[in-house]
Amino acid sequence: MQTYGVTLFYSTHEAMKAEKLAKEAQLKVRIIPTPEKIHASCGFSLKFELAEEGQLRELLKEGNVKSEGFYHVTRVGLKTDYELREDL
């Protein structure tokens, strides 16, 4: 089983800005294509480690980067589930 987080953005510019800020803060992130199962305005998302989600959210807030949503992803074999996280 693999778990990780994905955050979506309204534009490619926002996704790239988020990646730059996160990498400067030494968070383990990378740009990925937005998963087909999730609808988003932008074709790019940011994959991150769940343990770093709090730091990433704070960093994006401080950097005035607007996220379209945070998801927790669970992957077991070929099955992948996405859970929108509104409580964090």
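We number each residue from 1, following the sequence as shown.
- Under the 3.5 Å distance criterion, the side-chain polar atoms of Ser45 are left unmatched by any main-chain donor or acceptor of Pro33.
- Note on Phe70 and Ile32: separate hydrophobic clusters, where clusters join Ile, Leu, Val, Met, Phe, Trp and Tyr whose side-chain heavy atoms are under 4.5 Å apart, directly or indirectly.
- Shortest non-hydrogen contact noted between Leu84 and Gly69 is CD1-CA, 4.3 Å.
- Considering CD of Glu36 and CD1 of Ile38, their distance stands at 11.0 Å, rounded to 0.5 Å.
- Remark: Glu83 pairs with Arg85 by the side-chain contact (heavy atoms from CB on, under 4.5 Å) rule, at least two apart or across chains.
- For Lys37 against Thr80, the heavy-atom pair with the smallest separation is NZ-O, 3.1 Å.
- Residues Thr7 and Phe48 have side chains in contact (heavy-atom distance under 4.5 Å, counting atoms from C-beta outward).
- Applying the side-chain contact (heavy atoms from CB on, under 4.5 Å) test to Tyr4 and every residue at least two apart in sequence or in another chain returns Gln2, Val6, Lys47, Val73.
- Leu21 and Ile31 fall within the same hydrophobic cluster, defined by Ile, Leu, Val, Met, Phe, Trp and Tyr side-chain heavy atoms under 4.5 Å apart, directly or through other members.
- In this structure, Lys23 and Val29 approach most closely via the heavy-atom pair CE-O, 3.4 Å.
- Atom CG of Asp81 is separated from atom OG1 of Thr3 by 12.0 Å, given to the nearest 0.5 angstrom.
- The hydrophobic cluster containing Leu56 also contains Val65, counting ILVMFWY residues as joined when their side-chain heavy atoms lie under 4.5 angstrom apart, directly or transitively.
- No side-chain heavy atom of Gln55 sits less than 4.5 Å from a side-chain heavy atom of Leu59.
- How far CD of Glu52 is from CZ of Arg57: 14.0 Å, rounded to the nearest 0.5 Å.
- The number of heavy atoms from other shown groups lying within 6.0 Å of CZ (Phe44) does not exceed 12.
- Taking a 6.0 Å sphere around CD of Glu24, one finds it holds more than 12 heavy atoms contributed by other residues, nucleotides or ligands.
- Between the side chain of Thr74 and the backbone N or O of Met1, no donor-acceptor pair lies under 3.5 Å.
- For the pair Glu53 (side chain) and Gly5 (backbone), a donor-acceptor distance under 3.5 Å is absent.
- Checked by atom type and distance alone, the side chain of Glu14 pairs as donor or acceptor with a backbone atom of Lys66 at under 3.5 Å.
- The heavy-atom pair separating Phe9 from Cys42 by the smallest distance is O-CB, 3.0 Å.
- Contact between Pro35 and Tyr82 at its shortest, heavy atoms only, is CB-OH, 3.3 Å.
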